[in-house]
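This report refers to the structure that appears directly beneath it.
Quick caveat: nothing in here was measured; it's all calculated off a predicted structure. Remember, it's 1-based here, ligands and their atoms both numbered in the order they're listed.
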Amino acid sequence: MRIAVFSSKPYDRDTLTAANAAHGHELQFFEAGLSVETCSLAEEAEAVCVFVNDKVDARLLRCMAGRGVKTVALRCAGFNNVDLPAAKELGLSVVRVPAYSPYAVAEHAVALMLTLNRKTHRAYNRVREGNFALNGLLGFDLHGKTAGIIGTGRIGAVLAKIMTGFGCTVLAADVYQNPACLALGVSYVERETLLKESDIISLHCPLTPETHHLINKESIALLKRGMMLINTGRGALVDTKAIITGLKSGQIGALGMDVYEQEEGVFFEDHSNEIIQDDSLERLLTFPNVLITSHQGYFTREALSAIAETTLNNLSQLERGEVCPNQL
Ligand code: NAI
């Protein structure tokens with residue numbers, strides 16, 4: 001099958017090319033994201049392969065259907081960027097990679113927590129400049145603290161296990177109780193209770209109309225003063241403006257974010273020689289207690305290999321006319 005791979009970086013090319021040895025597809029790589037303007041690049045391709053920030057809306061889907069594209073293959077788990085009803089109407093299949101490495105994202109959430117808490121990012125710079133003072137680096141023991149996890153699916157469950165290992169009490173809020181978490185001693189509570197009682201809150205639910213801006217002005221008012229918020233889920237799970245107000249007032253004591261509501265066109269790219277126009281992002285970058293990473297939670301060797309393998313396998317299954325369990 002001819003597959004046009006959009007938003008592809010050198011690491012995507014390497015892993016997809018290696019995995020393709022077992023599938024024999026014809027891969028065309030494009031660094032550009034998929035849009036109405038770029039979809040003409042998918043010359044005679046039966047499938048387009050896209051990533052998290054390619055907005056696959058109805059107009060783009062119509063454009064692709066008109067060019068003979070039959071499948072949209074997402075190289076990610078979340079599918080909030082695709083207009084699924086429009087795809088269905090046009091007869092386009094959409095496949096995704098529901099799981100690749102929950103450890104990658106859960107471990108990154110912990111990296112953000114530990115860095116923000118013990119301020120190793122600041123210590124690293126300080127010591128290199130000959131400043132061995134500890135002022136401003138005071139942290140707290142994770143042991144004995146309460147960690148709240150919103151969304152205890154694959155990633156949330158791995159995080160629950162890690163936090164239990166630190167000696168935290170783990171609270172969870174989910175529409176479904178994960179038996180693996182219950183076995184760890186995780187307590188499922190109402191979201192409001194979790195917001196009020198947690199010292200650290202980590203978001204691991206999908207972005208849906210119900211979870212959009214679940215951290216907003218009202219929910220921030222319920223938080224334990226000085227708590228730590230970690231978002232490796234999706235940017236729009238939090239209302240950025242409300243978060244900035246919460247940070248300024250001290251209600252939010254630390255923020256770690258790997259995703260950002262307006263990350264499209266900014267994250268994954270080098271903008272170091274430009275003036276960044278997003279004032280909210282720039283404001284967030286001024287806080288000493290905010291740590292932002294550029295959607296790298298998934299970025300481990302193991303995860304990239306699994307993404308490549310599952311993506312190509314999804315397309316091979318569709319090509320053979322088989323049922324693809326990862327079809328949406
Ligand atoms: P999953 O589908 O295994 O788990 C999601 C959990 O959220 C489920 O238990 C579900 O019941 C729960 N949920 C759904 N609606 C909810 C609500 N209203 N309130 C509370 N819980 C709710 O998904 P997985 O693999 O754990 O991934 C979670 C999210 O992490 C993805 O949707 C994606 O947005 C994000 N993600 C971020 C990555 C990164 O690189 N930063 C990489 C991979 C995923």
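Within the listing of ligand 1, atoms 7 (O), 21 (N) sit less than 4.0 angstrom from a heavy atom of Gly151. The ligand atoms of ligand 1 that sit less than 4.0 angstrom from a heavy atom of Ala173 are 20 (C), 21 (N). Counting atoms of ligand 1 from 1 in the listed order, those under 4.0 Å from a heavy atom of Asp258 are 39 (C), 40 (O), 41 (N). Distances below 4.0 Å separate heavy atoms of Gly297 from the following atoms of ligand 1: 40 (O). Annotation for ligand 1: atoms under 4.0 Å from non-hydrogen atoms of Tyr100 are 42 (C), 43 (C).
In this structure, Ala99 does not count as a contact residue of ligand 1, since none of its heavy atoms falls inside 4.0 Å of the ligand. Assignment of Pro102 to the shell around ligand 1 is not supported, since no heavy atom sits closer than 4.0 Å.
Gln317 is listed as a side-chain neighbour of Asn313, based on a closest heavy-atom distance under 4.5 Å. Residues His212 and Leu214 have side chains not in contact (no heavy-atom distance under 4.5 Å, counting atoms from C-beta outward).
At a 3.5 angstrom cut-off on N or O pairs, Thr211 does not count as close to ligand 1. By the 3.5 Å distance cut-off applied to N or O atoms, Thr232 is counted among the residues near ligand 1. Residue contacts with ligand 1: Gln296 is placed with no nitrogen or oxygen under 3.5 Å of a nitrogen or oxygen of the ligand (distance criterion only). Between Gly153 and ligand 1, an N or O atom pair is found at a separation short of 3.5 Å.
Cation-pi check for Arg126 over Tyr124 is not met; the charged atom does not lie both under 6.0 angstrom from the ring centroid and within 45 degrees of its normal.
Between the side chains of Thr152 and His204, not a single donor N or O lies within less than 3.5 Å of an accepting N or O.
Here His204 has backbone heavy atoms under 4.0 Å from ligand 1, and that is the only part of it that gets that close. Residue contacts with ligand 1, taken as heavy atom pairs separated by less than 4.0 Å, involve Thr152 solely via the backbone atoms N, CA, C and O. When non-hydrogen atoms are compared, ligand 1 lies under 4.0 Å from the backbone of Ile155 as well as from its side chain.
Compare Val175, Asp174, Leu203, Asn178 by their heavy atoms: the one nearest to atom 12 (C) of ligand 1 is in Asp174.
In this structure, the ring of Phe51 has its center less than 6.0 angstrom from the ring center of Phe268. Aromatic pair His143/Phe166: ring centres not closer than 6.0 Å.
Atom 37 (C) of ligand 1 is flagged as protein-proximal [any protein heavy atom, distance under 4.0 Å].
Taking the six-membered ring for Trp and thresholds of 30 and 60 degrees, His295 and Tyr298 have ring planes more than 60 degrees apart, a perpendicular arrangement.
The pair Lys70-Glu46 fails the salt-bridge criterion, with no side-chain N (NZ, NE, NH1 or NH2) lying under 4.0 Å from an Asp/Glu carboxylate O.
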